Asker: 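Quick one: this structure, given as structure tokens, is what I'll be asking you about.
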Number of protein chains: 2
Amino acid sequence: MAKTPTLEDVATRAGVSTATVSRCLNQPDVVVEETRARVMEAVEALGYAPNFSARALVAKRTQTIGAVIPTMENAIFAEGIQAFQDVLQAERYMLLVASSGYDPAAEAEAVRTLIARGADGILLIGLDRDPAVYDLLATQSVPAVVAWAFASGGPVPSVGFDNAASMRALVAQGVRLGHKRVAMISGRTEGNDRARARVEGATAALRAAGLPDLVVEEADYATGAAADALDRLLDRVPDVTLVVCGNDVLAAGAMQRAHALGLSVPGQLSVTGFDDLGLARLVQPALTTVRVPHKTMGEAAARALLAAVDGQATESLLLPTELCLRDSLAAPKS
Amino acid sequence: MAKTPTLEDVATRAGVSTATVSRCLNQPDVVVEETRARVMEAVEALGYAPNFSARALVAKRTQTIGAVIPTMENAIFAEGIQAFQDVLQAERYMLLVASSGYDPAAEAEAVRTLIARGADGILLIGLDRDPAVYDLLATQSVPAVVAWAFASGGPVPSVGFDNAASMRALVAQGVRLGHKRVAMISGRTEGNDRARARVEGATAALRAAGLPDLVVEEADYATGAAADALDRLLDRVPDVTLVVCGNDVLAAGAMQRAHALGLSVPGQLSVTGFDDLGLARLVQPALTTVRVPHKTMGEAAARALLAAVDGQATESLLLPTELCLRDSLAAPKS
DNA sequence: CCCGGTCTTGTAAGCGCTTACATCACGCAT
DNA sequence: ATGCGTGATGTAAGCGCTTACAAGACCGGG
């Protein structure tokens, strides 16, 4: 194994000092053309690549951003994270990922690890977490931004959308169409402010319309779980005409079970989703849902975080969502 | 901002040398109980956390694994990567991700960056790439493993499945059911050995059965693109009875277009996918496809890579796939 | 022809950590 | 008593890089 060449090797070969080589790489303009050419030739010849650890040690900058994601399996995060990563890559930063599996303790631990590794900034998902995490971030002065949720004036800036208002608008649309008995299949709400906000939004819409309270069943992020939740809901609210779901995956599962039970959608039962995954258009009938600007959000979060790393003040950013009215929601029959 | 405490701060507070503190942290057993207690107390009090860059600089180990993924948006990678990452995290390694967007040059660049950052090992997707990448890996002696494809005896070990054989088995099943005119919607094959292998597998199955050659249309990884590809295929092969697709997303797109054209599936046209994403069960009719053990593969790849980092010899691992016979494939009408 | 300014390059001091080696204290065999 | 092995701790040399500061080269103006 050929030992990796060091700055010194390059310097020797080019007949200059290590300082000059370093300058060629970092501030080319201060080095005179001829010298630079000689150095660059040596760099090429040796296949030199700077050692990041050494550089980070003195520069106190790792060019690394950390992200703690519940899980990458979830398509909801995958797209946004990809966009986030694209921006980072373009700015010569790298992404260090950790996943929490929706466990607050694991998340806190991951943040600690990321800080110890010298992450220049950290991306967090959602607002729900141990305040100690924010304290840690503050005392270590590691900038962070929260995405997938929005709250102005929180401990760290957020880039996201209003989960509650979006769901409220969707349910209000259902109410406008004449639905009176509405139920919801929600994702797990414990430690998940996004899921909770969606439930709250739906509740608020019903309350504002003076309709009976929302009946909620929680389900794991899986179509099978959603299908079973639909059974329980049908049991508890036999006259339900609209089932709103916390996300598209749950909606797809619920719709599938509805079909299996011989219930036509939207004829006998309307079903809605949230997120507007590709999935939403592929199921029959196409899902009425809420479109979330995942890509925009990921990019904006990256920009915000990079700005913060750069020492610039960062504002929270509220992104708009959009109702996607498709076929799974229609006026109730009766 | 409170400057992060260093080893020296801890040493001073505990009244010992930095060497002793370092030993307490790395080889606690060589330090006498009483001293260790004093040191640990100081560590706690100061909230000390070792500086990774400094440690990496001297230890020449970063406890970091790099992965170059075409894109995380693709559900196919998301699940496997998550499993990969879970194993890493359990072994106290972190994952540094880069994406190539299916561009070989970008991939090579990413590998270079990852090496410069001192990644202890690198995960690569698929076999297709500039041989220079393997050379680089070899000269820098950075272990790597390839996943999502399989080739024994390649430059680096692989953990994956046989794309060609799997597709061949699927098409053979179609042939068995009586299909004679078969066409394929493939993902882009340029620089993508997985896509190419799937085409080859389908071709081989037809040839073995003495049937007319496979007609292929390529499409980007999107349902709309697949739908358009179906149009072209129908144009080229009006009497086609089975359209096999390179993956489930393409299949879903093709099926959707078939419905829009008034073609019943599988009545007038059979359609198959590949990967068995959750999607496959949600579309109508449920997709006949090939199940790929993404999770197992991700985990196995992580174990193999970690073993290689540890200096152990690593064998390639071929994982089995499984035909998922569902409703979108049936015997042709005529 | 000398002086000071400008521009380029070299010198060397760390950054925080690990680790080979030196040192020291102790206790036991001789 | 002397010497030596043993185990605990300290000393100090880097790891590869950046960067303040010093040094030298060269220029034009007085």
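Naming convention: chains lettered A, B, ... in sequence-line order (proteins, then strands); numbering from 1 in each chain. Values below: all heavy atoms of this structure, side chains included; hydrogens, waters and symmetry mates excluded. Because the structure is predicted, anything quoted here is derived from the model rather than measured.
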Asker: Could you point out which residue of B/Phe84, B/Phe161, B/Phe77 forms a ring pair (Phe, Tyr, Trp, His ring centres under 6.0 Å) with B/Trp148?
Answerer: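 Only match with B/Trp148 under ring pair (Phe, Tyr, Trp, His ring centres under 6.0 Å): B/Phe77.
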Asker: Indicate, with a heavy-atom threshold strictly under 4.0 Å, whether A/Tyr48 touches base, sugar-phosphate, or nothing.
Answerer: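 The answer is sugar-phosphate, as A/Tyr48 gets under 4.0 Å only of primed atoms, P, OP1 or OP2.
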Asker: When you measure from the side-chain N and O atoms of A/Ser22 to the phosphate of D/dT18, is any distance below 4.0 Å, counting only OP1 and OP2?
Answerer: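 So the side chain of A/Ser22 is within the cut-off, an N or O lying under 4.0 Å from OP1 or OP2 of D/dT18.
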Asker: Does atom CD of A/Gln312 have more than 12 heavy-atom neighbours, drawn from other residues, nucleotides or ligands, at distances under 6.0 Å?
Answerer: yes
Asker: Of the nucleotides C/dT19, C/dG16, D/dT9, which one has an atom closest to the side chain of B/Thr35?
Answerer: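 The answer is D/dT9, which lies nearest to the side chain.
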Asker: Please pick, from C/dT9, C/dT19, C/dC17, the nucleotide with the shortest atom-to-atom distance to any side-chain atom of A/Val31.
Answerer: C/dT9
Asker: Strictly below 4.0 Å: does B/Ser17 bring a side-chain N or O up to OP1 or OP2 of D/dG10?
Answerer: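 Indeed, a polar side-chain atom of B/Ser17 lies that close.
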Asker: Strictly below 4.0 Å: does B/Arg23 bring a side-chain N or O up to OP1 or OP2 of D/dT9?
Answerer: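 For D/dT9, OP1/OP2 do not have a side-chain N/O of B/Arg23 under 4.0 Å.
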Asker: side-chain contact (heavy atoms from CB on, under 4.5 Å) with A/Val97: which of B/Val97, B/Ile81, B/Leu88?
Answerer: B/Val97
Asker: Using whole Å, what does the distance between atom P of nucleotide C/dT11 and atom CD of A/Glu8 come to?
Answerer: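 Distance, rounded to whole Å: 11 Å.
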Asker: Flag the pair A/Arg61 and A/Asp310 as a salt bridge only when some basic side-chain nitrogen lies within less than 4.0 angstrom of an acidic carboxylate oxygen.
Answerer: yes
Asker: So, OP1 or OP2 of C/dG16: does either fall under 4.0 Å of a side-chain N or O from A/Lys60?
Answerer: yes
Asker: Please check the phosphate of D/dG10 (OP1 and OP2 only) for any side-chain N or O of B/Thr20 closer than 4.0 Å.
Answerer: yes
Asker: Using heavy-atom distances to pick each residue's nearest nucleotide on DNA chain C, tell me which of A/Thr18 and A/Arg38 is more 5'.
Answerer: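 Here A/Arg38 is the residue nearer the 5' end.
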Asker: Is the distance from OP1 or OP2 of C/dT18 to the nearest side-chain N or O of B/Asn26 less than 4.0 Å?
Answerer: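 B/Asn26 to C/dT18 OP1/OP2: side-chain N or O found under 4.0 Å.
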Asker: Between B/Leu57 (CG) and D/dG14 (P), how many Å, whole number?
Answerer: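 Between P of D/dG14 and CG of B/Leu57: 14 Å.
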